Trainee: 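Let me give you the structure first, and then I'll get to my questions.
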Protein chains: 4
Amino acid sequence: MDDKQPAPRRGRPRSETVRSAVLTAAAELALRGGPAAATVEAIAKRAEVSRTTIYKWWPSAASIVLEGLYERVRNSVTRPPGSNSVDAITHHVKALFGFLADPEVGPLLRNVIAASASDRAIEHALFEQWITPRRGAIAAIVRDAVGNGELPADTDVEVAVDALVSPPYYRLVFGMPTLDDASIDRLVQTVWQGCLGQVDQEPGLSELTTHIE
Amino acid sequence: MDDKQPAPRRGRPRSETVRSAVLTAAAELALRGGPAAATVEAIAKRAEVSRTTIYKWWPSAASIVLEGLYERVRNSVTRPPGSNSVDAITHHVKALFGFLADPEVGPLLRNVIAASASDRAIEHALFEQWITPRRGAIAAIVRDAVGNGELPADTDVEVAVDALVSPPYYRLVFGMPTLDDASIDRLVQTVWQGCLGQVDQEPGLSELTTHIE
Amino acid sequence: MDDKQPAPRRGRPRSETVRSAVLTAAAELALRGGPAAATVEAIAKRAEVSRTTIYKWWPSAASIVLEGLYERVRNSVTRPPGSNSVDAITHHVKALFGFLADPEVGPLLRNVIAASASDRAIEHALFEQWITPRRGAIAAIVRDAVGNGELPADTDVEVAVDALVSPPYYRLVFGMPTLDDASIDRLVQTVWQGCLGQVDQEPGLSELTTHIE
Amino acid sequence: MDDKQPAPRRGRPRSETVRSAVLTAAAELALRGGPAAATVEAIAKRAEVSRTTIYKWWPSAASIVLEGLYERVRNSVTRPPGSNSVDAITHHVKALFGFLADPEVGPLLRNVIAASASDRAIEHALFEQWITPRRGAIAAIVRDAVGNGELPADTDVEVAVDALVSPPYYRLVFGMPTLDDASIDRLVQTVWQGCLGQVDQEPGLSELTTHIE
DNA sequence: TTCTAATCGAGACGGTACGTCAGGTCTTCTC
DNA sequence: GAGAAGACCTGACGTACCGTCTCGATTAGAA
């Protein structure tokens, strides 16, 4: 039995009401007003929770926003992919673009990214709990495709994943408009074909294709 | 004559000493300690300049760091590209990776990106003066290649440029290691081949490659 | 019968261990670190007792210190005085000076006096249970002496007692060194003689002594 | 010339308005509500002055109350005493009793005394600037009287001064009513006569006077 | 023995004040 | 008029205690 007894906890139990009020307040504040507005002070006031209590459970305002973010996108990576590799990748990349374009998620993530520049803990949590699983899901498909022989054995998985996942972050962070679905299809196909095309890596052919005129 | 006379302004002229001392101090502070350390207060102290003076010329600490950044990478886009399109793109992308990996530039840019999340002016300046010229240089080459017939007419330039330039920002912002030169070559070739490969978009081949089993 | 039966109360009886641990911890904390150190929080930690329990039995940290003080000097006034009035007074005044100079008592009392400035309950308890009995013991001797004819009938008992007992408090409260035994003898004799001397209040003698030139 | 030039100070000069508003607010708060009410926070609010500014000029709330106290009783010791020694002493002691009974001064001093128990700086300032000058004025008169021959050469000045000045502090600190003018006269005469009476310090006479019956 | 009423401990929570830091603004003097 | 010096206000920080409040665990007399 790996699911233990409820473990008879001592003392007054933590209030779930408080936790969710704080997460909600932080998200609301961060959505309008940006990172500057989501201070611990303001969150406490809006959530009608004592500042002390907040400091007991979270080390910073950014960590609250981050936790709220996880709440919102929970289980987002686990959806089963489509039938073939390209479709599966497309599914994941579209989901990623979708999140980052979501007006309830993108700005929050942007806040957290900003905070991560000056907060090691945030940086680490963001990498481990946000970036890694999403890269992992896509990398696994690519790696499988290489194993299958769908993609050449010398495919550079890291490079392919970078090309697939970084554009939406780039656009989010610099306040650029998101790509539409057709463009995302294009992106995935470009990278996929590019990996295939890598086979003819001999100088001769390369010269042939680039100096085509 | 659009460059006017120096315009004999009255009063004491602005001190260039002060300006460069401020820029230097800001960069030094931001490099160690991150965004949190580069406060107007600290910059004033380190540059041995009055806080009032700083407020007179810059709206925020981040704007000082940004200005210092420009100083450092001035003329960085203007270098003539190589002979052929792939080489020219590779040159630019490598230069971009190089900047962002430079320990004197990357962290500063990351600071500024963080600040841009809560500062419209910074966001705008960053986009206009940093992102746009770099995207523009690469986009021009791709667009030329399309014009030349090197790349198919239906190439999506925006998508291609995104795939080429976003990885280094992504890696900078999430604290990931930069890509090495070989990987950058790979990245450029993948995208280039991918654009080429888009031509043979007929179902037959696509089916052949993806449903290989 | 005013001392009732132990009143067979139900439930778990109060733990004497807890009480003494709290009193001891409070005294130790107050002795080093002063009033600022003897917080309910710190006392609870040091006594290894729950804060809740302390709040159940005492209204404030100062009241704990005060109770510990009583414990320490219990029965201190009841000792039988010496044979004659001056000796009896001297005994009491020396005992008082002794207490206040005692490094285990003086600082605690000083803490409690400080607390009494902002705590009516402490002020009242201090007056009723500390000041009053000690004044009373000395005042009784002086009053007896007046009754005996040892001292003139118009002796102002309050004034005499004030002159005798206030110096040690004054010195305690202002951090001045205590008086030595010889000085205490001098003090008592000065006051005693002064009371006697009040009789010959005729102008002649007064003029003689004060306008001596 | 010991009064220097105004010393051309740089920067914005300190606002006297702020200073006096703070002192007034602190006194008002301390008078009602006692030490607990005179917090830096409350003073800042009432004086409509920023807390930061207060911290710049004063280390604690008690130090503000103390400074206000000095303001109020400035030059209080310098008044010329009466013609003869007893009158001069009486003048000083009455002035002291008067201060401590003054409803605008006594409670403030009591607050400061309470604070001095946990604040070395306050303790020191209180001793140097309040206690010492007042003791000194009276001690000087007594010492002169000894020099004149008015009082015996072996008079213990410290003891005499203690007996004269400590009663009002004692009564203030323990919340007892002050002595009336007649009692103060009595006090001074008792101590003065007591000092005179010290001459007959031989055991024989002492026994004679104490076992008078 | 079992019930029952109290003590005691653990810990969450809302508060108040602390003392500090940084951001901005304003005032005054010097170059 | 630029710059330096510095006073001032605002707002948020993170911490320390306060006093109150659930809970569960313990204890011992009463039923």
Side-chain angles (χ1 to χ4, degrees), chain A residues 8-19 36-45 47-61, chain B residues 9-15 17-18 36-45 48-57 59-61, chain C residues 6 8-19 36-45 48-57 59-61, chain D residues 8-19 36-45 48-57 59-61:
Chain A
R9 282 173 300 138
R10 315 231 309 178
R12 179 171 171 178
R14 178 170 178 187
S15 157
E16 180 54 31
T17 311
V18 163
R19 180 172 169 274
T39 66
V40 173
E41 190 116 0
I43 294 169
K45 191 166 225 169
E48 291 182 308
V49 153
S50 139
R51 236 150 38 83
T52 328
T53 301
I54 294 184
Y55 279 115
K56 182 163 204 176
W57 299 107
W58 293 276
S60 65
Chain B
R9 280 176 299 139
R10 311 217 317 165
R12 182 172 168 179
R14 178 172 178 188
S15 156
T17 312
V18 163
T39 67
V40 173
E41 191 117 359
I43 294 170
K45 190 166 217 171
E48 293 182 307
V49 154
S50 146
R51 255 169 59 241
T52 327
T53 304
I54 294 184
Y55 280 116
K56 185 159 208 173
W57 299 105
S60 65
Chain C
R9 280 176 301 139
R10 312 222 317 167
R12 179 175 173 176
R14 178 172 178 187
S15 157
E16 179 55 29
T17 311
V18 163
R19 179 171 169 274
T39 67
V40 172
E41 191 117 357
I43 294 169
K45 191 165 216 172
E48 292 182 307
V49 153
S50 144
R51 254 170 59 242
T52 326
T53 303
I54 294 184
Y55 279 116
K56 183 160 209 174
W57 300 108
S60 66
Chain D
R9 282 175 299 138
R10 314 230 311 177
R12 180 173 171 178
R14 177 170 179 188
S15 157
E16 180 54 31
T17 311
V18 163
R19 180 173 170 273
T39 67
V40 173
E41 190 117 358
I43 295 170
K45 190 165 226 169
E48 291 183 309
V49 154
S50 135
R51 257 173 49 246
T52 327
T53 302
I54 294 184
Y55 280 115
K56 181 161 206 176
W57 300 107
S60 65

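Note on naming: letters A, B, ... go to the chains in the order of the sequence lines (proteins, then strands), and numbering restarts at 1 for each one. Not measured: the values here are computed from a predicted model.
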Trainee: Can you check the A:R14 CZ to E:dG14 P distance for me, whole Å?
Mentor: 11 Å
Trainee: Could you check whether D:E16 gets within reach of a base, just the sugar-phosphate, or nothing at all, counting any heavy atom under 4.0 Å?
Mentor: nothing
Trainee: How long is the span from the CD atom in B:E41 to the CD1 atom in B:I54, to the nearest 0.5 Å?
Mentor: 10.0 Å
Trainee: Rounded to the Å, how far apart are B:I43 CD1 and E:dG23 C1'?
Mentor: 12 Å
Trainee: Of all of residues 50-57 of chain A, which get a heavy atom below 4.0 angstrom from DNA chain E, listed by number?
Mentor: A:S50, A:R51, A:T52, A:T53, A:K56, A:W57
Trainee: Please state whether the base of E:dC26 and the side chain of D:R12 form at least one donor-acceptor pair under 3.5 Å?
Mentor: yes
Trainee: Please figure out whether C:S15 or D:P13 has its closest DNA chain E nucleotide nearer the 5' end.
Mentor: C:S15
Trainee: Report the distance from atom CZ of D:R51 to atom NZ of D:K45, rounding to the nearest 0.5 Å.
Mentor: 10.5 Å
Trainee: In whole Å, I'd like the distance from the NZ atom of B:K45 to the C1' atom of F:dG6.
Mentor: 14 Å
Trainee: What's the spacing between B:E48 CD and B:T17 OG1 if we round to 0.5 Å?
Mentor: 12.5 Å
Trainee: Closest-nucleotide mapping onto DNA chain F: is A:E41 or D:V18 further toward the 5' terminus? I mean the 5' end.
Mentor: D:V18
Trainee: What's the shortest heavy-atom distance between D:A61 and D:A38, and which atoms?
Mentor: CB-O, 3.0 Å
Trainee: Taking all non-hydrogen atoms of both residues into account, name the closest pair between B:T39 and B:A42 and its distance.
Mentor: OG1-N, 3.0 Å
Trainee: So, is the end of the A:R14 side chain (NZ or CZ) under 6.0 Å from the ring centre of A:W57 and within 45° of the ring's axis?
Mentor: yes
